[in-house]
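Here's the structure, in structure tokens; my notes come after.
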Amino acid sequence: MLETKYDHKKVETGKYDTWKNNGYFKCGDTSKEPFTIILPPPNVTGKLHLGHAWDVSIQDIVARYKRMNGFDVLWVPGTDHAAIATEAKVVKKLKSEGINKYELGRDKFLDACWDWTREYGGNIRGEWAHMGCSLDYTKERFTLDDYSVNAVNKVFIDMFNKGLIYKGKRIINWDPEAKTALSNEEVIYKDTKGAFYHIKYYIEGTDDYLDVATTRPETLFGDTAVAVNPKDPRYKDLIGKNVIVPIVNRIVPIIGDMHADMEKGTGVVKITPAHDPNDFEVGNRHNLDRIVIMDETAHMTEETGKYKGYDRFECRSELLKELEDKELLIEIEDIVHSVGYSERTDVMVEPYLSEQWFVKMDQISKDLINMQQDKDSKVNFYPKRYEKTIIQKAEECYDWCISRQLWWGIRIPVWYKDDEMVASVESPGEGWVQDPDVLDTWFSSALWPFSTLGWAMEDKSLFERYFPTNFMSTGYDIIFFWVFRMMFQAEQFTGKNPFKDCYMHGLIRAKDGRKMSKSLGNGVEPIDMVEKYGADSLRYYLTTNSAPGLDLRFDEDKLTSTWNFINKIWNASRYTLMNIEDIKEIKFNNLSFSDKWILTKFNSTVKQVRKNMDRYEFQNVGSELYDFIWSDFCDGYIEFSKFNTDNEGTKSTLLYVLTGILKMLHPFMPFVTEEIYQMLPIKNCDSIMIDSYPVYDKKLDFKETLELMNSVREFITKTRTYKKDNNIGKDCKYTFRCSGDKEIENLICNVLKLDIKNIAYQEEIDTLEKLVLDYNNNDFSANIEFYYSISLEDREKEKEALNKQKEVLESQIARREKLLSNPGYVNNAPKELVEEEKNKLENEKKELETVLWKLK
RNA sequence: GGAUUCUUAGCUCAGUUGGUUAGAGCAUCUGCCUUACAAGCAGGAGGUCAUAGGUUCGAGUCCUAUAGAGUCCACCA
């Protein structure tokens with residue numbers, strides 16, 4: 001027997017290991033159709049946050065749903081080495097021990113990284129277990145294992161040989177703290193307080209100067225020109241003349257270039273080709289020198305003279321003093337402008353001239369766009385608008401900087417000897433030196449959908465069976481980092497898209513709508529929520545409380561409501577189990593009206609739920625199930641069944657519907673549904689997770705009963721309201737007639753507790769005052785009269801109520817008559833709707849008649 | 001500058017291909033410890049669906065504009 005209260009801790013203990021040990025998470029039944037999901041790999045040393053909890057819940061729901069629908073489901077777990085993040089942590093740790101990364105050397109540093117990974121890695125596995133994720137651990141991968149490394153090498157070498165990967169000297173985004181290049185996606189732009197510094201650049205041989213406005217005065221050491229717009233009447237005559245760069249006193253030309261915007265600043269812009277991407281382009285057009293004035297740690301080089309060794313910010317403040325002293329500073333204008341910061345280290349990104357590896361994107365992007373235009377081969381996004389986002393990204397693509405000046409990662413498989421350069425995993429021979437850099441973590445992540453399946457391994461059987469994958473779920477924040485790149489790499493190397501459906505969920509925010517962050521201290525740990533409410537509650541809450549692609553404000557009160565819902569299910573199960581203990585088999589004979597009604601309702605719920613599950617509309621599934629279980633099954637059917645517990649058909653219906661409810665809920669609430677399933681007197685399988693998902697059953701669809709019972713329920717509610725409005729107590733004498741079967745009459749009397757002792761005698765009918773409630777619907781009508789001595793006051797109250805009712809009815813009738821006399825509506829609207837309107841109008845008219853009669 | 005999302009009850013959110021009386025949770029009011037559940041039951045109250053136009057027989061839903069809020073991309077000397 002179940003306890004009276006649901007205890008999530010008790011329920012969730014032990015089940016995960018049982019499932020896992022019984023092999024329910026493993027794929028491999030080749031008699032079934034495969035269905036593959038690849039888990040987006042979290043940072044190996046990271047921990048589960050609410051966003052992950054949401055993400056894995058969605059995937060587990062799909063995995064369990066598909067498994068119950070007869071698919072051979074493979075859900076691949078894995079983790080990511082997270083190059084920059086991990087390396088930064090290890091560097092910090094070593095530093096605290098007084099060890100410098102470079103002094104330690106590459107090999108020993110990597111050992112330290114592996115130690116770190118082993119020490120802090122693997123926690124995430126326990127968290128997947130807490131959440132109930134049905135992952136196939138026999139296929140677990142890591143971005144630095146052979147599956148991944150082999151694929152990365154193979155892809156890199158192939159792209160290198162095709163010319164899709166090249167090495168180039170460019171201005172890239174540089175993180176001076178991590179001392180590595182970054183891709184454009186890894187730069188976060190933030191509004192920052194700064195200033196326009198107006199500096200005098202004297203025109204050579206004159207006392208005139210140009211007012212040059214810059215936000216970064218310290219870069220003047222690298223100036224090799226000053227540009228004006230060739231159409232700018234203010235300055236066009238100056239083109240060809242020279243100016244003197246202040247402090248360094250370098251003579252540089254005034255050039256005409258469209259880059260100079262007449263509207264912006266003073267219309268004069270200093271050109272620093274080695275420290276600004278736009279200036280770099282200008283420099284190329286005008287053949288300007290590139291003077292590097294900062295090193296890899298953003299400290300000034302010897303080009304800056306006495307400022308050598310200064311940090312970039314120190315240099316700025318000292319330089320400004322000097323400019324002021326020398327009366328070269330015209331003014332300082334405060335502005336707010338957006339400045340790039342490193343996604344990982346949060347330091348200000350420095351545009352930096354260096355040699356890096358790039359993926360050439362133009363053709364690849366075109367291939368992606370073509371693929372997306374083909375209905376059969378494209379990725380279906382949920383919600384659909386992300387298809388457009390992807391296409392837009394592809395259209396405005398720029399080359400992807402993939403080299404990182406780090407050690408923790410997959411090393412670039414390129415070897416050098418003198419002027420020669422060869423791409424190869426192994427050294428081509430004596431005297432060859434490998435490129436020191438590693439690849440962007442996202443380069444390996446991009447291959448994840450096929451690398452994990454053994455695409456670059458000898459045994460390709462998994463790849464052949466389970467690729468392309470079926471379902472991908474992730475937050476919209478990494479669409480460019482990851483989804484886009486997975487798509488083009490799979491297209492380039494497998495000729496197919498990596499997944500058929502891609503579900504994008506939003507971000508989790510704090511209750512007030514702000515982002516959850518450490519600095520605000522408003523973060524919520526999913527594991528704490530699991531502890532407090534159970535994984536079942538958390539999963540259901542996260543997945544049914546928002547529409548696809550939209551953010552979710554985390555609200556613990558709603559989690560409580562979800563817990564209450566589970567407690568409700570628990571108690572409905574408790575009731576059911578108490579009443580079906582002796583059942584031998586499910587037999588639908590001698591079904592009562594209410595049995596037929598709930599079976600019909602159940603059937604239509606199954607239909608709706610399946611439809612929405614197939615479209616990943618989980619919020620709809622959630623409300624369908626909530627409504628059916630709470631309003632129909634518990635408040636409606638269970639109450640009816642209480643007067644019918646000896647009936648075999650009713651027992652069968654209770655068990656059948658409860659079993660179906662558990663199965664439909666199982667993908668959302670795996671633990672509690674398994675707990676209750678195990679107590680069912682009749683069940684097909686050892687575990688609910690290997691049982692089948694409910695299907696619509698035509699034999700159990702009783703449409704007429706549905707309508708009749710809806711009327712009966714409406715009558716019951718109306719009677720209750722009526723009694724309450726008129727202060728009619730339990731002992732009031734009554735008479736009752738209804739059009740339905742004797743069974744219906746009994747049901748109503750039972751539910752409304754119309755005590756047989758209180759039926760009014762003829763004498764009472766003749767002498768006492770009465771209150772009458774008439775109910776008319778085309779398939780059911782009922783009349784109930786209550787007899788008692790009525791006061792004048794009550795009589796007035798009743799009259800008032802009737803008048804109000806009259807008004808409402810009259811306006812409704814008028815509205816409906818107008819509607820039905822509109823030929824446009826009658827001709828164009830669906831016939832059933834028109835019929836229904838007509839019926840309603842009829843009933844309202846009848847009702848109005850009674851009200852009018854009573855008023856007399 | 002380009003794209004995109006949101007604006008629905010006091011609060012947080014649902015609302016399928018347009019179908020006429022817009023739903024839920026929480027909060028609130030009334031009455032109930034009825035033996036599955038008081039973390040519950042029964043019955044209420046609460047909304048001119050941001051604004052203004054348009055399409056349509058019919059608009060929360062489609063179109064246009066406006067206002068406010070958010071996000072992404074590009075630019076930012």
Side-chain angles (χ1 to χ4, degrees), chain A residues 2 4-6 184-185 189 191 194 196-197 212-216 219 226-227 259-261 264-272 276 278-279 282 335-340 383 385-386 388-389 392-393 396 398 476-477 479-480 506-507 509 511 513 541 544-547 549-555 557-558 560-579 608 611-612 615 617 619-620 622-623 626-627 630 634-635 638-639 642 716-717 720-725 727 753 808 812 815-816 819 822-830 832-834 836-837 840:
Chain A
L2 269 60
T4 53
K5 269 199 172 82
Y6 161 58
N184 295 13
E185 285 74 17
Y189 285 90
D191 278 347
F196 263 139
Y197 301 95
V212 177
T214 177
T215 53
R216 308 196 56 206
T219 61
V226 166
H259 167 62
D261 187 337
K264 250 184 204 168
T266 55
V268 186
V269 55
K270 63 192 216 50
I271 302 297
T272 321
D276 180 281
N278 287 311
D279 293 4
V282 176
I335 55 159
V336 172
H337 62 147
S338 109
V339 175
R385 62 173 179 274
Y386 287 106
K388 204 174 162 187
T389 312
Q392 265 174 2
K393 168 75 179 177
E396 59 176 42
Y398 32 77
Y476 62 70
D477 52 327
I479 188 163
F480 300 139
L507 304 179
R509 297 177 173 278
K511 201 178 174 180
Y541 163 67
T544 62
N545 272 280
S546 73
L550 297 184
D551 290 350
L552 177 68
R553 289 195 196 194
F554 189 80
D555 184 350
D557 291 343
K558 285 197 178 185
T560 310
S561 307
T562 305
W563 191 96
N564 290 346
F565 177 44
I566 299 179
N567 189 51
K568 188 76 185 175
I569 296 161
W570 181 265
N571 273 290
S573 305
R574 185 165 179 268
Y575 168 85
T576 303
L577 292 170
M578 281 163 61
N579 285 288
Q608 285 301 314
K611 189 173 126 195
N612 284 306
R615 297 191 305 198
E617 298 275 354
Q619 78 288 2
N620 290 349
S623 45
Y626 190 96
D627 198 46
W630 205 308
C634 296
D635 295 345
I638 284 184
E639 293 307 317
K642 284 179 179 170
I716 289 168
T717 301
R720 282 169 173 160
T721 314
Y722 191 79
K723 282 176 83 176
K724 186 154 183 160
D725 287 351
N727 270 323
K753 300 198 170 85
V808 172
Q812 281 182 356
R815 191 185 58 81
R816 243 184 267 280
L819 183 68
N822 177 350
Y825 175 75
V826 178
N827 295 334
N828 294 316
E832 304 93 63
L833 273 174
V834 179
E836 211 179 309
E837 288 296 324
K840 279 181 184 166

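First the proteins, then the strands, lettered A, B, ... as listed; each starts at 1. Both backbone and side-chain heavy atoms feed into the values below; hydrogens, waters and symmetry mates do not.
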ask   = With sequence neighbours excluded, what pairs up with A:D557 under the salt bridge (Lys or Arg N to Asp or Glu O under 4.0 Å) test?
value = A:K511
inquiry  = Rounding to an integer number of Å, can you tell me how far A:R385 CZ sits from B:rU4 C1'?
reply    = 7 Å
ask   = Do any N or O atoms from the side chain of A:N571 and from the backbone of A:N567 form a donor-acceptor pair under 3.5 angstrom?
value = yes
key: Euclidean distance for P, B:rA3 against B:rU28 (whole angstrom)   = 46 Å
inquiry  = Restricting to side chain to side chain contact (heavy atoms under 4.5 Å, CB included), what partner residues turn up for A:K393, sequence neighbours left out?
reply    = A:E185, A:Y398, A:F480, A:F484
ask   = Under the side chain to side chain contact (heavy atoms under 4.5 Å, CB included) test, which residues partner A:L819, sequence neighbours left out?
value = A:Y825, A:E837
key: Separation of the C1' atoms in B:rU8 and B:rC76, to the nearest angstrom   = 39 Å
request  = Could you state the atom-to-atom distance from CG of A:L550 to P of B:rC6 in whole Å?
outcome  = 6 Å
key: Rounded distance (Å) that lies between atom P of B:rG44 and atom OH of A:Y722   = 15 Å
task = Evaluate side chain to side chain contact (heavy atoms under 4.5 Å, CB included) for A:D276 paired with A:T219, printing each intermediate quantity in order.
result = CA-CA 9 Å; A:D276 180 281; A:T219 61; over 6 Å; no
remark   = A:L552 atom CG is separated from B:rU12 atom C1', nearest whole Å, by 10 Å
inquiry  = Any N or O donor-acceptor pair under 3.5 Å from the base of B:rU16 to the side chain of A:R615?
reply    = yes
ask   = Quantified in whole Å, what is the C1' atom distance between nucleotide B:rA50 and nucleotide B:rA69?
value = 11 Å
note = note: A:N545, atom CG; B:rC11, atom P; distance rounded to Å ~ 18 Å
Rounded distance in Å - NZ (A:K840) to P (B:rG19) = 14 Å
inquiry  = Just to be sure I understand the rule, does A:W570 reach a base, reach only the sugar-phosphate, or reach nothing, if contact means heavy atoms closer than 4.0 Å?
reply    = nothing
key: Contacts of A:L507 that satisfy side chain to side chain contact (heavy atoms under 4.5 Å, CB included) - sequence neighbours left out   = A:Y476, A:D477, A:K515, A:D551
task = Report yes if a side-chain nitrogen or oxygen of A:K568 is closer than 4.0 Å to either non-bridging phosphate oxygen (OP1 or OP2) of B:rA39; otherwise report no.
result = no
inquiry  = By nearest atom, which of the nucleotides B:rU16, B:rA36, B:rA42 is closest to the A:K642 side chain?
reply    = B:rA36
query = On RNA chain B, nearest-nucleotide positions of A:T4 versus A:W630: which is more 5'?
reply = A:T4
query = How far, in whole Å, is B:rC62 from B:rU16 if one measures between their C1' atoms?
reply = 15 Å
ask   = What integer number of Å spans the P atoms of B:rA22 and B:rU48?
value = 12 Å
task = Using the P atom as the reference point in each nucleotide, state the distance between B:rG10 and B:rG54 in Å, no decimals.
result = 29 Å
Point-to-point distance, once rounded to the nearest 0.5 Å, from CG of A:N579 to CZ of A:R574 = 11.0 Å
inquiry  = Taking salt bridge (Lys or Arg N to Asp or Glu O under 4.0 Å) as the definition, give me every residue that meets it alongside A:K724, ordered by chain and number, with sequence neighbours left out.
reply    = none
inquiry  = Just the rounded figure in Å: distance from P of B:rG15 to CG of A:N620.
reply    = 6 Å
task = Please identify each residue that fulfils side chain to side chain contact (heavy atoms under 4.5 Å, CB included) with A:S623, with sequence neighbours left out.
result = none
message = Using 0.5 Å steps for rounding, measure from the CD1 atom of A:I716 to the OG1 atom of A:T721.
response = 11.5 Å
Straight-line distance of A:H259 NE2 to A:K264 NZ, nearest 0.5 Å = 8.0 Å
task = Stems involving RNA chain B: give each as a range paired with a range, ordered by first number, where a stem means at least three consecutive Watson-Crick or G-U wobble pairs under 3.5 Å.
result = B:1-7 with B:67-73, B:10-13 with B:23-26, B:28-32 with B:40-44, B:50-54 with B:62-66
Would you tabulate the pairs of protein nitrogen or oxygen atoms and nucleotide nitrogen or oxygen atoms of nucleotides 25-34 of chain B closer than 3.5 angstrom?
| unit_1 | atom_1 | unit_2 | atom_2 | d |
| --- | --- | --- | --- | --- |
| B:rG25 | O2' | A:S561 | OG | 2.6 |
| B:rU30 | O2 | A:K724 | NZ | 2.3 |

message = The criterion is side chain to side chain donor-acceptor pair (under 3.5 Å); which residues satisfy it with A:Y575, sequence neighbours excluded?
response = A:S641
inquiry  = Strictly under 4.0 angstrom, non-hydrogen atoms only: write out the protein contact profile of nucleotides 70-77 of chain B, one letter per nucleotide from the 5' end, B, S or -.
reply    = -SSSSBBB
task = Could you list the residues that satisfy ring-ring contact (aromatic ring centres under 6.0 Å, His included) with A:Y541, not counting sequence neighbours?
result = A:F554
ask   = Say you pick atom C1' in B:rC63 and the same atom in B:rU55; how far apart are they, in whole Å?
value = 7 Å
message = Can you check the distance between B:rG25 and B:rC41, where both ends of the measurement are the P atom (answer in whole Å)?
response = 10 Å
ask   = Do A:E639 and B:rA36 have a side chain to base donor-acceptor pair shorter than 3.5 Å?
value = yes
Output a table of nitrogen or oxygen pairs between the protein and nucleotides 54-57 of chain B separated by less than 3.5 Å.
| unit_1 | atom_1 | unit_2 | atom_2 | d |
| --- | --- | --- | --- | --- |
| B:rC57 | O2' | A:N822 | ND2 | 2.5 |

remark   = Rounded to whole Å, OH of A:Y6 lies from C1' of B:rG40 at a distance of 18 Å
